[in-house]
4 protein chains.
Amino acid sequence: MAPLNDKQLHQIRDERREQIKAAAIQVFAHKGIVSAKMSMIAEKAGISNGLLYHYYKSKDELFMSLVQEAMVETESAMRSIYEMPGTPIEKIRALTAEILDESGAPYFMLIHQARTSDGVPVKVKHLLEQYSMDTFIDMLLPLYQEGQQVGELAAGDPRELIACFLSVLTGIMVINANGIEDYRIPKVDMLMRLIAHPVSSLSNK
Amino acid sequence: MAPLNDKQLHQIRDERREQIKAAAIQVFAHKGIVSAKMSMIAEKAGISNGLLYHYYKSKDELFMSLVQEAMVETESAMRSIYEMPGTPIEKIRALTAEILDESGAPYFMLIHQARTSDGVPVKVKHLLEQYSMDTFIDMLLPLYQEGQQVGELAAGDPRELIACFLSVLTGIMVINANGIEDYRIPKVDMLMRLIAHPVSSLSNK
Amino acid sequence: MAPLNDKQLHQIRDERREQIKAAAIQVFAHKGIVSAKMSMIAEKAGISNGLLYHYYKSKDELFMSLVQEAMVETESAMRSIYEMPGTPIEKIRALTAEILDESGAPYFMLIHQARTSDGVPVKVKHLLEQYSMDTFIDMLLPLYQEGQQVGELAAGDPRELIACFLSVLTGIMVINANGIEDYRIPKVDMLMRLIAHPVSSLSNK
Amino acid sequence: MAPLNDKQLHQIRDERREQIKAAAIQVFAHKGIVSAKMSMIAEKAGISNGLLYHYYKSKDELFMSLVQEAMVETESAMRSIYEMPGTPIEKIRALTAEILDESGAPYFMLIHQARTSDGVPVKVKHLLEQYSMDTFIDMLLPLYQEGQQVGELAAGDPRELIACFLSVLTGIMVINANGIEDYRIPKVDMLMRLIAHPVSSLSNK
DNA sequence: CATGAATGAGACTTCATTCAT
DNA sequence: TATGAATGAAGTCTCATTCAT
C-alpha cells in the first residue's frame, strides 16, 4: 500500500506513453487523423479516455509527437544509408527494402497526413519545413551522384530523380497504410528499375 | 406570367449540379470524406448550405455519386486503351500519360478515399467491389501479355506486374491530389521503366 | 391570352383555398401539426410549394384558419341540436352519430392539436378560450337538464357528465384521426350508455 | 487513488437513466415525438445535451426504450387482472381504476404516439405488432366471456366490446396526457357503464 | 495515476419561408 | 397567379476535452 516510488512512477509513465503511441500510430494510419477518435486510441491502448489527457495535452499534440518521432526515425534511416555496405545502388536498394519491409508504412502515412491535413497547428508546419522533402533529397544527393558516376543509376537531374523516387515510395506507403487488400506493393527490384541505369540493371540480373 | 420554363429550370439545375460536383471533388480530394465539410463545399460552390440538399440528399450520396462517376470515367479510360494506336507499350504509355496529365488525380483520390474510408455505407462498398483493382487488371491483362510476347514488357506474372503498376500510379495520384508542393510526380517515361523490358526500353530510347 | 377577369380570378382563388384546406386538414390530422410539412400539403393540394404562401402567410396561419373553421363548424353542429326532432336523448344520440360518422374526426383532431400544441401563437389561444369546453357545456346544459328531468339521462352533476361525455368523444376522435387500424370506434349506442339513465336505456332497447 | 468504484458508478448511471427517463416521458407525452426536443429533455433532466447521448444512442432509441417499458408495464397490468379479487366486472373496474389513477397516462400516450407517429423506425413497429390491441383483447377475452355468462357484462361480440372499451380508455388517456385542463376524465363508474350489463349495473348500485 | 461522467462546440440535415422569373 | 430554386434557423448527434472522485 506504500506509494510507488519515483522510479516506478517513471516506469509506468514510460510504459503508458509507449502503449498510447503504439495504439495511436495504428489508429491514425488506419483511419486518418480526422476519423481517428481519441476514444479508439484509448481503447486500443487499454486505458481510459481521460488518462490519455494526462499524457498528451490534446489530439493534436499526440499526433504531432508521433509525426516528430516518425521524422526523426526517417531521417536517421536516411542517414544510415552511408553506413551501409555495398555500391550506391546496393545501398539504396537496402534502404528501400527497409522502408518497404518494416513497419515503416505508418510513419510515412503520418508524415503524409501531417503534410496534407490543415487542421494541424503551426508547430507541425514548422516540423514539416524542417524535414521537407528537400532535406531528404539533400541527404541522398551525394550518394546518387556517385551512383550516376559509376553508371549504376539512371542519368538525369539527380534531385529530380530522387524526388520522384521518394514520391513514389511515399505514395505506395500511403495507400498501403490503410491495410486495403486491393493494392499491391511492388517488390524492391521492381521499384529499383525507376532509378537504375538500364544497362547496369541488366548486368545486375 | 408563367414561371421559368422547363428548359431554363433544367439549365439552372444542371449548372448547380456541376458547380456542386466541381466544388465537392476539390474539397473531397483535398480533405478526405470526413474532413470535408458540407459548408466548405457549399461555400466553394457559391451556394447556401441548404441548397446542397436540394441537389444531393446527403453528404454520403454526394460522395457516392462522385465516386461512381470517377469509376465509370476510369473504366472508360481503361477500355479506351484498346482503341489507341501503337504497340502495347505505346498504348500503356499513352494511357499512363493521360492519367497523370489530366484532371484525373481527383478521381483516383476519390476512389482511394472510398476504398479506405470506413464511414461510408454499404452502397459505396458495392460499387467498389464492382470496380475493384482486379477488374482493371482483367481489362489490361490481354494487352500486357501481348506486350510480353513481343518483348516490350518486363517478364513475370502479368497480373502481379499490372497490379503493382496500378498501385504505384494510384499512390502517386493520391499524394498528388492534395496539392502539396513537396511531392514530385514522375514523368511517364520514368514510370514506364517499372514495366518495360530492359532491352526494349533501351532500344526505345 | 386575355388576362383573366376579376371574377375568374376570384373563382380560382376560392378553388385554390379549398384545395389547400382540404389537403391541409388531411395532413395535419394524420401527422400532427409538427410532422405535417408544408411541402406535403402543397403536394397533396397539387400546387407548388411557393403558391401556398400566396394563400396563407404561414403554416401557423393555415393551421389557425383550419382550427377556426373547425370550431365554427363544431359550434354550429352543437347549436343545431336544438333544431333536431325527438326527445333530449334522441337529440344527443343524433348529434353524437353525426360527430362520429361524418368526417368530423379531423376537426376534433385539429382542435385538440391546437389545445395541446404550444408552438402556436397567441391568436389561436384566444380562439381556444372563445371556444373552450365550457362554451360547449353551456350550450348543451339546458338540453341535458331536460333529459334528466324526463328520466332519460343519468343523474348527477350535468356539467360534469357533459364534460366527461365530450372528453370521451374527443378522445375517440383523436385516436381515430390518424387512421390507425388498431383502434375501434364504439357504436353510438354504446357511447350513449355513458350518459343514458339505466332504466330508460333498458326500455329503449 | 482509485476512481469511483463500481457501485458508485452504477448508482450514478442508474440515477441519470431515471432522471432522463422521467424527463423524457413528460416531454414526449406533452409534445409528441417530433416536437419533443432532445434539448428540452436534457434541460428537464438537468443535464447537458451531450450527456443524453451517453445514455441513449439517439432520440429514437430513447423513445423506443420508453415505449417498450410502457408496453411491458401495460401488459403486466393487464395480466395482473386475473390475480385480482372479485367478480369479473369488479376485476375490470379495478384494472380500469388503476389505469386512470396512476401515472399510467404517459404510458398510454407513449404507446399511442408510437402507433401514430411515422418518423419512428422499424424496430418500434415490431414492438407494436408484438403488443397490438389484439394481444390485449386476447388477454381479457376469457374474463369478459365469464362476465357475460354471469350476466355482469353487456351482451354482444366480446372482442368488439373489449376493443371499444380499450379504445375509449386510450382516447381518454391520450387527451389527458397533455395536461390540458379543459378535458374531464370520467370516473370509473361512468366508464363501466360502457360494458356493464344494464340490469346488473342497476342492482350493483 | 486513473476513471468515466459531463460538457459544449461544431457538423449534418430538415424545412418554413422568401424570391427571381 | 404560379413555380421551384434558394436561404437560414433550428434540431440531432459526435467527440475532443475537462472534472469530480
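Computed from a predicted structure; not experimentally measured. Just so we're on the same page: letters track the sequence lines, and every chain starts at 1.
A pairwise comparison of heavy atoms in Lys21(D) and Leu66(D) identifies CG-CD2, 3.7 Å as the closest pair.
Following rounding to the nearest Å, Ile12(B) (CD1) and dT21(E) (P) show an atom-to-atom distance of 8 Å. The CG atom of Leu62(D) sits 13 Å away from the C1' atom of dC13(F) (whole-angstrom rounding). If you take NZ of Lys7(D) and C1' of dT21(F), they are 17 Å apart, rounded to a whole angstrom. We find that NZ of Lys57(B) is positioned 13 Å from P of dC15(E), with the value rounded to whole Å. Regarding Arg13(A), its CZ atom lies at a distance of 12 Å from the C1' atom of dA2(E), rounded to whole Å. The CD1 atom of Ile47(B) sits 12 Å away from the P atom of dG8(F) (whole-angstrom rounding). A straight line from NZ of Lys31(A) to P of dT14(F) spans 15 Å, rounded to a whole angstrom.
Mapping Lys37(A) and Ala36(D) onto DNA chain F by nearest heavy atom places Ala36(D) at the nucleotide closer to the 5' end. Take the nearest nucleotide of DNA chain E for Asn49(B) and for Leu51(D): the residue whose nucleotide is more 5' is Leu51(D).
Under the Watson-Crick or G-U wobble criterion, with both distances below 3.5 Å, dT21(E) is paired with dA2(F).
The shortest distance between the side-chain N/O atoms of Tyr53(D) and the OP1/OP2 oxygens of dT14(F) is not below 4.0 Å. For the OP1/OP2 pair of dA6(F) and a distance below 4.0 Å, the side-chain nitrogens and oxygens of Tyr55(B) include at least one atom meeting the criterion. For His54(D), no side-chain nitrogen or oxygen approaches OP1 or OP2 of dA6(E) to under 4.0 Å. Under 4.0 angstrom from either OP1 or OP2 of dA5(E) there lies no side-chain N or O belonging to Arg16(D).
The line from CG of Leu128(B) to CE of Met64(B) is 10.5 Å long, rounded to the nearest 0.5 Å.
Contact annotation: the side chain of Glu15(D) approaches that of Gln11(D) to within less than 4.5 Å [non-hydrogen atoms, C-beta and beyond].
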message = Pair Met109(D), Phe28(D) - check side-chain contact (heavy atoms from CB on, under 4.5 Å), show working.
response = CA-CA 8 Å; Met109(D) 186 62 177; Phe28(D) 276 132; over 6 Å; no
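Considering only side-chain atoms of Ser48(D), the nucleotide from dT3(F), dA6(E), dT17(F) that sits closest is dA6(E).
Contact annotation for Leu52(D): no contact, since no heavy-atom pair falls under 4.0 Å across all strands.
Defined by atom type and a distance below 3.5 Å, a donor-acceptor pair is missing between the side-chain atoms of Tyr55(D) and Arg13(D).
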